[in-house]
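Within every chain, numbering begins at 1; the chains are lettered A, B, ... in the order of the sequence lines, protein sequences first and strands thereafter. Fair warning: this is a prediction, and the values are worked out from it, not measured in the lab.
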Amino acid sequence: MSIASKYDPHVVEEKWYSYWLEKKLFHSEPDNRKSYTIVIPPPNVTGVLHMGHMLNNTIQDVLIRRARMLGFNACWVPGTDHASISTEAKVVAMLKERGIDKRDLSREQFLEYAWEWKEKYGGIILKQLRKLGASCDWDRTSFTMDEVRYESVIRVFVDLYNKGLIYRGVRMVNWDPQALTAVSDEEVIYKESHGKLFYLRYYLSQGTVLPEGSEESGIKSDEKGQYIVVATTRPETILGDTAVCVHPEDSRYTALKGKQVVVPGVGRAVQIIMDEYVDREFGTGALKITPAHDINDYNLGMKYGLETIDIFNDNGTLNEKGLQYAGMDRFACRKQIVKDLEAAGLIEKIEDYTNKVGHSERTDAVIEPKLSAQWFVRMGDLAKKALEVVENDTIQFHPAKFKNTYRHWLENIKDWCISRQLWWGHRIPAYYYDVDGKVETVVALNREEAFRLVCEKHPGVVKSADELRQDEDALDTWFSSWLWPISLFDGIRNPDNEEIKYYYPTETLITAPDIIFFWVARMIMAGEEYRNEVPFRHVYFTGIVRDKLGRKMSKSLGNSPDPIELIEKFGADGVRMGMLLTAPAGNDIPFDESICEQGRNFSNKIWNAMRLVKCWEVSDELQQSYDNGVSVQWMEMRMAQVLEEIEKDFDEFRLSEALMKSYKLVWDDFCSWYLEMIKPAYGTPIDRETYEATIGIFDRLMRILHPFMPFVTEEIWHTLAERPEGASIMVQHMPHSVFYDQRMLDDFEMTREIIAGVRNLRNSKGLSPKEVLDLYVKGQCPAMFNGIICKLGNVGKIESVADKVEGALSFMIGTTECFVPVSLNIDKEAELKKLNEELKYAEGFLATVMKKLGNEKFVNGAPEKVVAIERQKKADAESKIAALKAQIEALG
RNA sequence: GGGAGUAUAGCUCAGUUGGUUCAGAGCGUCUGCCUUACAAGCAGAAGGUCAUUGGUUCGAACCCAAUUACUCCCACCA
């Protein structure tokens with residue numbers, strides 16, 4: 001038979017993926033089996049596969065394939081996310097390249113381009129997932145903006161609004177005065193910039209008299225009166241000042257409590273407020289408060305009921321509140337106001353100062369914090385329920401340490417701002433109209449419905465639906481993602497449909513820990529609100545894939561390998577295995593291409609094991625030998641033992657451990673031991689019974705490995721035996737652990753050690769593996785595997801002896817002495833040295849044991865079992881020491 | 001600034017309720033082998049003061065405290 005000695009994944013992977021698709025093996029329909037559902041964390045629709053996806057989706061595939069083989073109705077639903085911010089940014093950039101400015105387009109025109117873009121690049125990432133072997137039910141592929149998902153999102157918005165859980169409020173946004181739009185936090189780039197820190201004088205209001213002795217503190221005075229000094233980097237914003245704040249425990253300013261100061265150059269008297277927010281060390285410890293132009297100031301303004309004075313126009317020029325500076329650009333104003341204040345003697349000093357200033361990623365303009373009306377979801381009750389189900393382990397986190405992070409966030413949660421100043425996304429279904437010069441709002445599923453509501457509320461005010469003005473903003477992308485596990489099965493629009501009842505709740509969510517708040521927490525909230533049930537039972541947090549220097553993978557660093565190229569190089573199975581081996585849950589993965597080599601080598605190892613087995617000539621006449629019978633028995637038991645461990649690992653989501661154990665079971669136990677044990681001598685046949693047993697074992701080993709390495713296992717499974725048309729390993733039963741005899745396994749461990757001892761002896765003495773040696777054993781030794789020892793150690797005969805053998809090399813396994821007579825001269829010096837070292841070690845060991853046993857507190861305090869073990873150790877050590885001493889004496 | 005986490009062999013990680021000499025695995029390294037499935041392989045070996053310092057205990061890699069270093073998340077420095 002001619003089978004290539006190297007496994008070639010390329011043909012195999014193509015072949016089996018098409019086969020699986022063709023036989024509809026990934027597709028799921030509700031039936032009477034138990035469901036096992038995973039919903040994919042939807043990747044950005046215009047994204048391309050990176051290493052993070054590889055890891056995440058490999059894990060999902062492992063779990064879903066295993067569930068399928070365990071007899072569940074496994075359903076893995078794929079889909080993509082419209083990702084408002086990043087997709088819109090990409091479309092804007094694309095338009096710019098074509099010489100089109102977004103501002104010149106209408107909303108409709110822009111969206112047309114955006115959909116065009118989506119059609120062109122959307123879903124590339126899903127195609128790439130197929131290369132990885134992902135067993136998604138592709139018939140169910142969804143998009144967060146397709147019809148079902150769109151309607152679900154809008155319905156939820158309307159519903160929450162009607163329940164009073166959605167409201168409109170004020171919030172500080174990052175305003176780009178050049179693009180005339182708000183930009184997201186992610187689009188703000190903080191740059192170091194060299195500016196000045198201006199120290200301004202705020203005089204106390206006329207008539208204010210401070211008590212004696214306050215001069216040496218923060219309060220100064222000159223001919224014009226008493227004043228305090230406030231430091232600022234943005235002197236132009238004093239036009240919007242409505243307070244000055246100091247720390248309540250700052251002794252320099254205690255006298256100021258309840259007093260007022262005058263904003264320099266503006267003449268407005270503002271109150272002094274006291275709050276612990278102020279950093280006493282910074283500047284003079286006094287802070288000017290401009291609620292309209294700084295988020296912290298805004299919060300303080302809310303807390304103390306301060307007036308909010310917005311001094312800017314949208315384009316960054318001063319408005320009428322800017323007094324004589326109205327119409328000037330904000331930076332020109334800064335220069336002018338400094339000049340004017342200096343002239344008026346209101347500036348104490350100016351220092352150089354370096355700080356970080358936010359710039360717009362799109363236009364590079366300096367970001368202006370600006371108050372604006374936004375939509376919010378009330379988090380109170382939703383958060384409470386979401387916290388509860390994680391605290392009481394209805395939902396389990398793996399690893400559990402993320403519960404802490406989760407708790408902290410939910411306990412300090414703020415309302416969720418869900419409006420975004422974007423076009424690409426779900427447009428907010430709020431409609432505005434005017435009644436007596438006042439703007440009124442209705443929220444409805446669509447314009448017609450809105451019109452109907454308006455007619456009820458204010459009959460005759462609005463003539464037609466077209467007159468209603470719909471909100472220009474789109475919803476935060478997470479406002480659609482949080483419904484994903486429900487909306488995928490149409491559970492929002494049709495809450496009682498068969499699919500949602502069957503597939504929901506899903507089983508496990510696999511995601512990265514950095515979106516625990518954005519996504520995980522909110523899905524839990526939505527699940528509680530709309531299904532009254534958690535969306536998943538387990539959350540498996542993957543690590544972040546880094547390069548081998550520990551840096552995050554990023555495009556700009558160019559340190560992210562192309563997963564598709566990796567698959568080309570090492571095969572999908574190799575890459576999958578490489579990723580999983582170094583990826584315990586929640587740990588970051590320092591990724592190095594070379595770890596995929598181990599996976600590739602393993603594929604090859606299995607391939608060659610198959611080659612070996614398939615090239616044996618099978619004899620029907622030959623009786624199974626005793627040794628072969630024992631070998632089969634041992635392998636079966638060993639497999640049962642490891643399976644037990646693997647099952648436990650899966651229960652605890654220790655996937656790397658489970659894979660490593662499977663790896664060693666196949667490579668070490670099966671290939672290195674079992675196959676060597678039963679391998680017939682060259683040119684001789686193997687008996688049928690052993691052969692069939694071996695095929696059976698091989699078959700089950702492939703099933704164990706299948707979730708990790710789907711392609712190579714399918715290929716080999718088909719090679720091992722004739723399979724009916726349409727058969728596939730992916731729908732075979734996963735082997736279960738069965739009873740095994742621990743004694744027999746322990747005996748074999750001893751056998752292994754004896755064989756290793758003999759081999760080691762050869763190695764260290766330069767004896768050829770071809771030279772047959774004899775073995776004499778003094779002490780306990782299982783005879784069951786003697787034939788195996790002879791075969792694998794190339795031992796001629798094994799004899800049990802009562803006394804030590806003169807002139808032989810020796811080694812000890814526990815308290816058992818093994819002697820190997822050799823023809824060559826024994827190097828007495830070296831032997832003595834080795835024996836003395838062992839003796840020294842054994843005596844040291846005995847000493848520690850004796851110390852323990854001599855300690856009354858130990859003997860009385862420790863459990864009996866532990867003491868008994870110590871006594872046994874003492875006895876073993878003593879007999880070992882006696883044996884070693886005897887050997888040393890014999891040599892010397 | 002607030003919160004969370006990590007520290008064990010050259011690298012990546014196990015180590016379950018404190019109790020066997022418990023200090024482990026894989027990779028890498030070194031030595032010897034082209035042995036008839038596989039050199040993408042086979043047979044062996046070496047490698048660690050369990051970050052540091054104290055404490056609790058008969059007994060600590062494990063529990064407690066402090067220190068040091070690193071990582072992540074959130075908020076952002078007037």
Side-chain angles (χ1 to χ4, degrees), chain A residues 3 5-7 190 197 230-234 237 245 277-279 282-284 286-290 294-297 353 355-356 358 399 401-409 412 513-514 516-517 543-544 546 548 550 570 574 581-584 586-590 592 594-595 597-598 600-616 648 652 654 656-657 660-661 663-664 671-672 675-676 679 681-683 755-756 759-764 766 768-770 794 841-842 844-845 848-849 852 855-863 865-867 869-870 872-873 876-877:
Chain A
I3 309 174
S5 72
K6 293 238 185 313
Y7 171 65
Y190 287 91
L197 193 55
V230 176
T232 178
T233 53
R234 299 194 58 192
T237 59
C245 189
Y277 166 74
V278 178
D279 175 5
F282 190 91
T284 61
L287 169 67
K288 67 190 218 49
I289 305 296
T290 322
D294 182 283
I295 180 63
N296 296 303
D297 292 11
Y353 186 67
N355 67 343
K356 278 187 237 162
K401 65 182 180 186
F402 287 109
K403 270 172 89 166
N404 294 337
T405 318
Y406 183 83
R407 183 188 314 115
H408 185 257
W409 188 70
N412 297 285
D514 51 350
I516 187 168
F517 312 129
I544 295 165
R546 301 168 172 281
K548 56 181 164 183
F570 300 104
L581 270 180
T582 42
N587 276 32
D588 284 3
I589 299 134
D592 184 358
S594 62
I595 62 172
E597 250 177 64
Q598 196 180 350
R600 180 200 58 178
N601 294 355
F602 187 43
S603 302
N604 200 47
K605 182 74 186 177
I606 306 167
W607 178 258
N608 277 292
M610 180 273 290
R611 272 207 322 146
L612 172 68
V613 172
K614 291 307 285 184
C615 78
W616 284 337
K648 196 164 168 247
E652 292 165 8
R654 295 148 64 106
S656 334
E657 292 272 314
M660 181 51 76
K661 280 169 191 159
Y663 171 79
K664 287 201 279 187
C671 294
S672 298
L675 288 180
E676 293 299 332
K679 189 158 123 184
Y682 185 66
I755 294 169
R759 284 171 173 171
N760 196 6
L761 234 150
R762 286 182 196 278
N763 231 319
S764 58
S768 160
K770 287 177 182 143
N794 196 17
Y841 180 82
F845 173 52
T848 67
V849 175
K852 268 192 194 177
N855 184 340
E856 250 179 69
K857 281 181 183 168
F858 171 74
V859 179
N860 297 330
K865 212 175 93 187
V866 176
V867 178
I869 287 168
E870 289 303 312
Q872 183 62 48
K873 270 158 59 176
D876 286 353

Exercise. Using Watson-Crick and G-U wobble pairs with both distances under 3.5 Å, what is the 5'-to-3' dot-bracket string of RNA chain B, with [ ] for crossing pairs and | for pairs outside the strand?
Worked result: (((((((..((((.....[....)))).(((((.......))))).....(((((..]....))))))))))))....
Seminar exercise, completed: Under a 4.0 Å heavy-atom criterion, the protein footprint on nucleotides 30-39 of chain B, written with B, S and -, is ------BBB-
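- Using a 3.5 Å distance cut-off with no hydrogens or angles, the side chains of A:N601 and A:E597 do not pair a donor with an acceptor.
- Among the protein residues, A:R762 comes within range of no part of the nucleic acid, since none of its heavy atoms lies under 4.0 Å from any strand.
- Remark: the separation of the P atoms in B:C72 and B:C13 is 14 Å, to the nearest Å.
- Using a 4.0 Å heavy-atom cutoff across all strands shown, A:K661 reaches no nucleic acid atom at all.
- In this structure, A:K852 atom NZ and B:G59 atom C1' are separated by 6 Å, rounded to whole Å.
- In summary, the side chains of A:K288 and A:T290 do present a donor paired with an acceptor at a separation below 3.5 Å, with no hydrogens or angles considered.
- Comparing B:A4, B:G41, B:G26 against the side chain of A:N601 picks out B:G41 as the nearest.
- Between A:N412 and B:G3 there is no side-chain N or O to OP1 or OP2 distance below 4.0 Å.
- Residues that satisfy the ring pair (Phe, Tyr, Trp, His ring centres under 6.0 Å) test with A:Y406, not counting sequence neighbours, are A:F397.
- Between A:F282 and A:Y353, the ring-plane angle classifies as perpendicular under the 30° and 60° cut-offs.
- Within the 4.0 angstrom heavy-atom criterion, base atoms lie near A:R600.
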Tabulated below should be each protein N or O lying under 3.5 Å from an N or O of nucleotides 74-78 of chain B; please produce it.
| unit_1 | atom_1 | unit_2 | atom_2 | d |
| --- | --- | --- | --- | --- |
| B:C77 | N4 | A:K356 | NZ | 3.1 |
| B:A78 | OP1 | A:N355 | ND2 | 3.4 |
| B:A78 | OP2 | A:Y353 | OH | 2.8 |
| B:A78 | O3' | A:T232 | OG1 | 3.3 |
| B:A78 | O3' | A:T233 | N | 2.6 |
| B:A78 | O3' | A:T233 | OG1 | 3.2 |
| B:A78 | O2' | A:A231 | O | 3.3 |
| B:A78 | N6 | A:D279 | O | 2.8 |

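- With sequence neighbours left out, A:S764 forms a side-chain contact (heavy atoms from CB on, under 4.5 Å) with no residue at all.
- Judged as a ring pair (Phe, Tyr, Trp, His ring centres under 6.0 Å), and not counting sequence neighbours, the contacts of A:Y663 are A:F602, A:W667.
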